[in-house]
Amino acid sequence: MARYNAREIETKWQEIWQSRGSFRVTEDSKREKYYVLEMFPYPSGRIHMGHVRNYTLGDVVARYKKARGFNVLHPMGWDAFGMPAENAAIENKVHPAKWTDENIATMRRGLKSMGLSYDWSRELATCDPSYYRHEQKMFLDFHAKGLAYRRESWVNWDPVDNTVLANEQVIDGRGWRSGAVVEKRKLPQWMMRITAYADDLVAALEGLERWPDQVRLMQHNWIGRSEGLRMWFDIKGSDERLEMFTTRHDTIFGATFCAVSPNHPLAEELAADDTELAAFIAECNSMGTSEEAMAVAEKKGYLTSLKALHPFIEGRELDIYVANFVLMEYGAGAIFGCPAHDQRDLDFARKYGIDVIPVIAPADIDPGAMTIGDEAYLGDGVAINSQFLDGLSVDEAKDMAADRMAGRDRGERTVSYRLRDWGVSRQRYWGCPIPFILCDDCGTVPVPDDQLPVTLPDDIDFDEPGNPLDRHPTWKHVDCPACGKAAQRETDTFDTFFESSWYFVRFACAQAEQPVDRAAVDYWLPVDQYIGGIEHAVLHLLYSRFFVRAMRDCGYLGFDEPFAGLLTQGMVCHQTFQDEAGNWLFPEQVDARDGDGFVHHESGAPVVPGRSEKMSKSRKNVVDPEAIIGSYGADTARLFMLSDSPPERDLEWSETGVEGAWRYLNRLWRLVAEAPMDLGPVDGAKPDRMEQTVAAVHQSVHKAIHATTGDLDRFHFNRAVARIRELTNDLERLDETMAGAAWVMREGLETIVRLIGPIAPHLAEDLWQRLGHETLLTDTPWPDADSALLTDNTVTVAVQVNGKLRGTIELGRDAGEDVAEAAALADPAIIRALDGKSPRRVIVVPNRIVNLVIAG
RNA sequence: GCCCGCUUGGUGGAACCGGUAGACACGACAGACUUAAAAUCUGUUCCCCGAAAGGGGGUGGGGGUUCAAAUCCCUCAGCGGGCACCA
């Protein structure tokens, strides 16, 4: 049985698309644009199945939208700065730039073998000075606008790798790479003032209608907006006041103590001449910040000699503690404790024998009977034991308390956020240099425009730990641009999320002299459809949303949101195997034994099959895309990626599934190459007469167009594939003896080829040519469904008796209710089911169902 | 702990607004072709009773709303994700 030669066909069409510039685009104000973007890869080595899935999804959208007439921008580039390049430099003595360039070349080859419809003329790599010079320029603008600043801040310090780690690089209190216990250090850090946009970043989530709810919710929670009251209590015997933040000012009469963070200025001041307190603070700072550490950590406090005065209760003095559970980074770093209505406060109060006064009680409980045991009461209710608040609801009490506090100049309504400013300094070589000069006299001085870009030196060594830029003999030594005295460059580089926060803008004008070419960006942006992994739900997507706002406010852009639509794809999973010693095994090392069970391919030793997990090198459950493309072709890989699972769900890799995709493409190829009948000319006229079966197939062609179009619009790729396969099955009902069959066979084949074009583009292009077309399928518009053929004249209506299906009847479309009822009552199966009884009630849903109700 | 999502045949998944559950595949079984195998083609395949006609059950468990529930509500369980001393 003949099979198609995937390798030959795919190479051939890739070359043709390339030479004709099929996917190169320019701005065209007369055409509607569509910008499809997949998250660009980090060039770590070779492409993996996650890339194949991501880029297949994007390519189907791009090719489909192009067929629908849009001017489609579909670019690709490289997120090329990052730690793995430095690790390779340390381990293999290869320069990060060389390592990165080689990986890019390998991965570009891999991507090109997939036949992706990229405009390669826009390719960019973020490690190229022609890219990062622009972000240095923008950073200076951000700084001038107050959106970037430098300050001392607490960081995670890895003492072995000698660098700051991001929070997500700290796992259970240890550096993710070195395994060293991470220290808290206070270092000067460059920060981005993302908090300036906190309100807008939350509020605008609502307008992102084509984003998954889950991602919007995650960002919402991450930003963590809460409305509350900033307030000040007097400190006994002092002119100073203690500032606190609360969202439960309705419980102010239940306040029985105050607590400040160990890092609070007041605590540090007191510790200066209290060694015991200093020791307590040190203990708090050394405490692990891991999840488990937090969960088991006991509430601990240190009683200071200070007392705060309750604002409304004459004579109530509140002890001020330094407490380990109060965070300096949130609110004001100080709280009032209301043990009755906060679990942490209650735990603390029970430990230190502090009063517990209930001030909110459920409406149906007698205030006198309200008691607190080991659990704080967090529910709704009315205020009790609260003077002027008594009897008010929680919300009313909040309002009243806020007003009274404000009236005494002791409170101010405010909003607090969980979100912190974004620290972007990294003590790393392979990143974009931060364009500032540190001068003893002038402070932080921006690198003048005419000295940009600040490029990385090539001659570096990684023989010692730490930042090679800092150790470089000459690079950092420069004169201060302001005063001319000897000064030093900033040797920190940007967090690599910096580059990925605006690359989608740069794609619109990849060659522009300025950071952005406003006309091009105004035309192409925002991205209409962004596609990538859910793991970026918060960081990358939030930073990008911030960055676009910052760029807007510095005059670079005229829009607010970078990504109008977002599709988060699931992971590619595969079965795992381990030998009895627990070592992971590659799938090809494992043989299935007859019956069940698995054995090692060579030794025959028993193998323990594990659950299916995300493909990863460490678990050895990877399948190399290039091997699959080599043996089956890219079209098979692409079809398989889309066939079974919806894009947002995890996809189970299966060899048999790939085989199935391969079989289908061959079947389609044979159907065209060895067409069972003479299909007639390309532009043959529709026959006057069609046999019934032929007419039915003709109708399925148009139904398939309609359904597939709807499925692709909604990214239901697995259903689109099912529709196309269904139509293929239908076509096989045609027989050359049937009147009109040849014409409908041609119509059907051409339709399948066009519908599958975005999914299996090489084969489709080839079959399009075999069908006699001289123009490229890639330049062919999407087929239109004949709406007259989408509805049937007759419908099958289900008939239920008491809600149970008892038969079906054929009715004319939109038949009246009386007609439907009569037909139902006349149906033999229904007569039998009714058993002589007459329905008490009849429900008719036109074209769908008749329900006869006889029982009560 | 808090918040969110998911749970449908042996498997991946269909089922639009509550209206014939299981499309399309994978696998399995049977058959055709073949000396044989591969490939290909045809048929069967939610479970139970039945030779069939037909009947009964069925969308994680329990309950509810409705003429009608995979779909809506309550509740429990399992799995997954996010956040985590956030005042």
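Remember, it's a predicted structure, so these values are computed and weren't measured experimentally. Below, chain A is the first sequence line, B the second, and so on; all start at residue 1.
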Pairing partner of B:rA70, by Watson-Crick or G-U wobble and under 3.5 Å for both distances, is none
For B:rA53, the nucleotide meeting Watson-Crick or G-U wobble distances (both under 3.5 Å) is none
Check: B:rC2 and B:rA68: how far apart are their P atoms, nearest whole angstrom?
Finding: 36 Å
* Asked: Is a donor-acceptor contact shorter than 3.5 angstrom present between the side chain of A:Arg420 and the base of B:rC86?
  -> yes
Given 3.5 Å as the limit, does a donor-acceptor pair link the side chain of A:Arg410 with the main chain of A:Met405, or not? no
Any donor-acceptor N/O pair, A:Ser386 side chain to A:Leu389 backbone, under 3.5 Å: no
A:Leu811 atom CG is separated from B:rU20 atom P, nearest whole Å, by 15 Å
note: A:Met218, atom CE; B:rA84, atom C1'; distance rounded to Å ~ 14 Å
Base orientation of B:rG9, chi within 90° of 0 counted as syn, else anti, reads syn
With syn meaning chi within 90° of zero and anything else anti, the base of B:rC76 is anti
May I ask you to verify if any side-chain N or O of [X] is less than 4.0 angstrom from the OP1 or OP2 atom of [N]?
{"X": "A:Arg418", "N": "B:rA84", "value": "yes"}
{"X": "A:Arg663", "N": "B:rA38", "value": "no"}
{"X": "A:Arg806", "N": "B:rA68", "value": "no"}

Assess whether a salt bridge exists between A:Arg248 and A:Asp342, defined as any Lys/Arg side-chain N lying under 4.0 Å from an Asp/Glu carboxylate O. no
Worksheet entry | No-hydrogen, no-angle side-chain donor-acceptor test under 3.5 Å, A:Arg545 and A:Gln219 | yes
